[in-house]
Amino acid sequence: MPQRNLSQAVLQIVFSFFLGLVVVAFVGIALNTFYPEPSTSFYPDDAAAWDRWRVVTGIWLLICATLVMVASMLIRTERIPVITNGILLGGLFTMIDAVGMSLSAPNDWPRLAVMAGALVVAVGVAYWKFAVRK
C-alpha cells in the first residue's frame with residue numbers, strides 16, 4: 001500500500017508542475033495575442049520600441065502572475081491541492097517570466113517598479129500560503 005501512495009504523490013507533483021507550465025504558456029500566448037512584439041519590418045533598428053515593449057510586457061506579466069496567484073489562494077486547497085498547487089506554480093512561473101522580461105529592459109524606474117512589485121507579491125503570497133493558511 002505505501003508504494004501506491006508514493007506513486008500517487010509523484011503523479012500529483014508531476015501534474016501540478018505540468019499544470020503550472022500550461023498556465024504560464026496560456027498567459028504568455030494570451031498576452032502576445034493582445035500585445036504583440038513590435039514589427040521589425042518598418043523599423044528594424046528601433047531599439048526604443050523593443051525596450052518599451054519589454055517593460056510593458058513585464059508589467060502585464062506581473063499583473064497576470066498576481067491574479068493567477070490570488071486565484072490559486074481563493075480555491076479551497078484542502079479539496080483539490082493538486083490543482084491549486086499547479087495554478088500557484090503557474091503564477092510563480094509567470095512571475096519568473098515577468099522578472100526575466102524586465103531584466104532585459106533598460107535600467108529605468110519602470111523596471112524597478114516591476115521588480116519591486118514582484119518582490120512584494122512573492123513575499124505576500126508566500127506568507128499567506130505558508131504562514132497564515134496552515
Problem - Val99 vs Val114 side-chain heavy atoms within contact, under 4.5 Å - result: no
Exercise for the section: Determine whether Trp128 and Val125 make a side-chain contact, defined as any pair of heavy atoms from C-beta on separated by less than 4.5 Å. Expected result: no
[X] to [Y] - nearest heavy-atom pair and separation:
X: Ala49; Y: Pro38; value: O-CG, 3.8 Å
X: Arg52; Y: Tyr35; value: O-OH, 4.3 Å
X: Leu61; Y: Thr94; value: O-CG2, 3.5 Å
X: Val68; Y: Gly90; value: CG1-C, 4.3 Å
X: Cys64; Y: Val27; value: CB-CG1, 3.6 Å
X: Ala98; Y: Leu62; value: CB-N, 3.6 Å

Hydrophobic cluster membership, with links at side-chain heavy-atom distances under 4.5 Å among I/L/V/M/F/W/Y: are [X] and [Y] in one?
X: Leu21; Y: Leu67; result: yes
X: Leu11; Y: Val82; result: no
X: Met115; Y: Met95; result: no
X: Ile75; Y: Val132; result: yes
X: Leu103; Y: Val56; result: no

Enter the distance from [X]:[atom1] to [Y]:[atom2] here, rounded to the nearest 0.5 Å.
X: Ser72; Y: Leu88; atom1: OG; atom2: CG; result: 4.0 Å
X: Asp97; Y: Leu92; atom1: CG; atom2: CG; result: 11.5 Å
X: Leu89; Y: Met69; atom1: CG; atom2: CE; result: 9.0 Å
X: Ile63; Y: Leu31; atom1: CD1; atom2: CG; result: 10.0 Å

Practice task
Using the test ring pair (Phe, Tyr, Trp, His ring centres under 6.0 Å), find all partners of Phe17 that sit at least two apart in sequence or belong to another chain.
Solution key: Phe93
Exercise for the section: Before accepting this row, confirm whether a basic side-chain N of the pair Asp51/Arg54 lies closer than 4.0 Å to the acidic partner's carboxylate O. Expected result: yes
Problem - Nonpolar side-chain network containing Val123, other nodes, edges under 4.5 Å - result: Leu119
Problem - Co-members of Val22 in a cluster of I, L, V, M, F, W and Y side chains, linked at under 4.5 Å - result: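 Result for Val22 is Phe18.
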Practice task
Decide if atom CH2 of Trp53 counts as having more than 12 heavy atoms of other residues, nucleotides or ligands within a radius under 6.0 Å.
Solution key: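 Yes - once you tally the heavy atoms of other residues, nucleotides and ligands closer than 6.0 Å, there are more than 12.
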Problem - Ser16 side chain vs Ile13 backbone, donor-acceptor pair below 3.5 Å - result: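 Between the backbone of Ile13 and the side chain of Ser16 there is no qualifying donor-acceptor contact (under 3.5 Å).
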Practice task
Walk me through it: do Ile83 and Leu19 pass the test side chain to side chain contact (heavy atoms under 4.5 Å, CB included)?
Solution key: CA-CA 8 Å; Ile83 294 175; Leu19 181 58; 4.3 Å; yes
